[in-house]
Number of protein chains: 2
Amino acid sequence: MQSRPKISDAEWQVMKVLWQKSPVTANEIVEKLTAETAWKPKTVRTLISRLTAKDAIGFDKTGRQYMYYPVLTEEECVRQETRSFMTRIRTGALKPMLAAFLEEENLSQEEIDELKCILDKKGEK
Amino acid sequence: MQSRPKISDAEWQVMKVLWQKSPVTANEIVEKLTAETAWKPKTVRTLISRLTAKDAIGFDKTGRQYMYYPVLTEEECVRQETRSFMTRIRTGALKPMLAAFLEEENLSQEEIDELKCILDKKGEK
DNA sequence: TAACAAGTATTACAGATGTAATCCAAAAGT
DNA sequence: ACTTTTGGATTACATCTGTAATACTTGTTA
């Protein structure tokens with residue numbers, strides 16, 4: 001069971017590692033994250049455990065070590081986050097919110113063009 | 001003290017009420033929110049208390065009732081949320097994320113046009 | 001002025017989260 | 001085979017959140 005388990009901030013870090021490359025051992029995850037963050041190895045282990053408990057990631061036991069892989073895709077999770085972000089932010093008018101959002105981001109010219117392209121497609125449909 | 005207190009999901013609902021209109025009495029907030037949500041009046045009171053504790057909102061005591069008003073502006077809060085949303089989501093490439101983001105939203109034609117307008121302005125500058 | 005009503009403040013309590021440490025079992029080395 | 005190591009499972013614990021209920025104060029009313 002797990003329609004849409006909530007992934008916490010810290011857990012997201014682990015998901016991101018697995019989305020980049022999988023399957024990997026717990027140790028590989030630990031190495032990456034202890035390098036990027038200030039977490040102790042045990043902390044990362046805890047996050048991994050919680051994610052498996054939530055069925056957000058899975059593993060195959062190949063001998064002593066487990067090989068972890070993501071169960072939830074990055075797509076779904078981004079979608080999920082987007083939804084909760086939007087409901088949180090939105091007061092009614094979408095525009096001021098998105099304006100602030102876009103202001104906040106330092107978009108490159110290419111990114112801007114790509115976004116316009118996406119919007120065009122949505123527009124004509 | 002409060003550089004950037006974290007506003008929880010439930011607390012955001014209260015902030016949104018105050019951003020729409022302020023100052024208001026606790027009762028007005030309670031009425032709005034018990035109508036929109038399934039919360040009991042006491043629950044809303046708790047949220048109000050926590051927000052004052054965080055200095056996210058303030059009040060003037062006029063007699064026995066307090067008049068509440070937001071201390072943090074909607075702008076700052078949206079910016080804040082945007083930032084944490086982006087750092088959470090972002091793996092490196094902005095595009096796939098924003099694509100999913102825009103896909104997810106059901107934008108009206110007008111909204112699409114407005115966004116393109118915002119993008120244009122960013123683009124030319 | 002005493003009792004009441006209406007707001008505010010305090011307390012409650014379970015589950016999520018951040019951040020680990022300790023315990024246990026099996027693999028690996030001696 | 002016994003001990004050491006190592007990785008996974010269990011336990012820890014404070015804070016934050018969701019969701020309220022109870023207690024306390026002080027205007028208001030009889």
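Letters A, B, ... are given to chains in the order of the sequence lines, protein chains preceding strands, and every chain is numbered from 1. Computed from a prediction, not measured in an experiment: that's the story for all the values here.
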Exercise for the section: Check whether any side-chain heavy atom of Lys40(B) sits under 4.5 Å from a side-chain heavy atom of Thr34(B), and report yes or no. Expected result: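 Result no, sub-4.5 Å side-chain heavy-atom pair not found.
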
Exercise for the section: Side-chain contact test, heavy atoms from C-beta onward, threshold under 4.5 Å: evaluate it for Leu47(A) versus Leu33(A) and give yes or no. Expected result: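 They are not in contact (no side-chain heavy atoms under 4.5 Å apart), so the answer is no.
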
Handout entry: Basic-acidic side-chain contact under 4.0 Å: Lys32(B), Glu28(B)
Key =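 Salt bridge: no.
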
Exercise for the section: Look at Glu81(A) together with Arg88(B) and state whether they make a salt bridge at an N to O cut-off of under 4.0 Å. Expected result: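 The answer is yes: the pair qualifies as a salt bridge.
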
Once you round it to whole Å, what is the distance between [atom2] of [N] and [atom1] of [X]?
| X | N | atom1 | atom2 | result |
| --- | --- | --- | --- | --- |
| Arg88(B) | dT17(C) | CZ | C1' | 11 Å |
| Glu11(A) | dA16(C) | CD | C1' | 9 Å |
| Ile48(A) | dT10(D) | CD1 | P | 15 Å |

Handout entry: Residue pair Asn27(B) / Gln65(B): nearest heavy atoms and the distance that separates them
Key =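 In terms of heavy atoms, the two residues are closest at ND2-OE1, 4.3 Å.
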
Handout entry: Distance below 4.0 Å between Thr25(A) side-chain N/O and dG7(D) OP1 or OP2
Key =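 For dG7(D), neither OP1 nor OP2 has a side-chain N or O of Thr25(A) closer than 4.0 Å.
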
Completion exercise
Protein heavy-atom contacts under 4.0 Å, written 5' to 3' over nucleotides 3-14 of chain C as B (base), S (sugar-phosphate only) or - (none), form the string ----SBS--B--

Practice task
Name all residues meeting the side chain to side chain donor-acceptor pair (under 3.5 Å) criterion together with Lys6(B); count only those two or more places apart in sequence or in a different chain, and write none if there are none.
Solution key: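 Here no residue qualifies.
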
Handout entry: Along DNA chain C (nearest heavy atom to each residue), the more 5'-positioned of Thr43(A) and Lys6(A)
Key =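 Result of the comparison: Lys6(A).
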
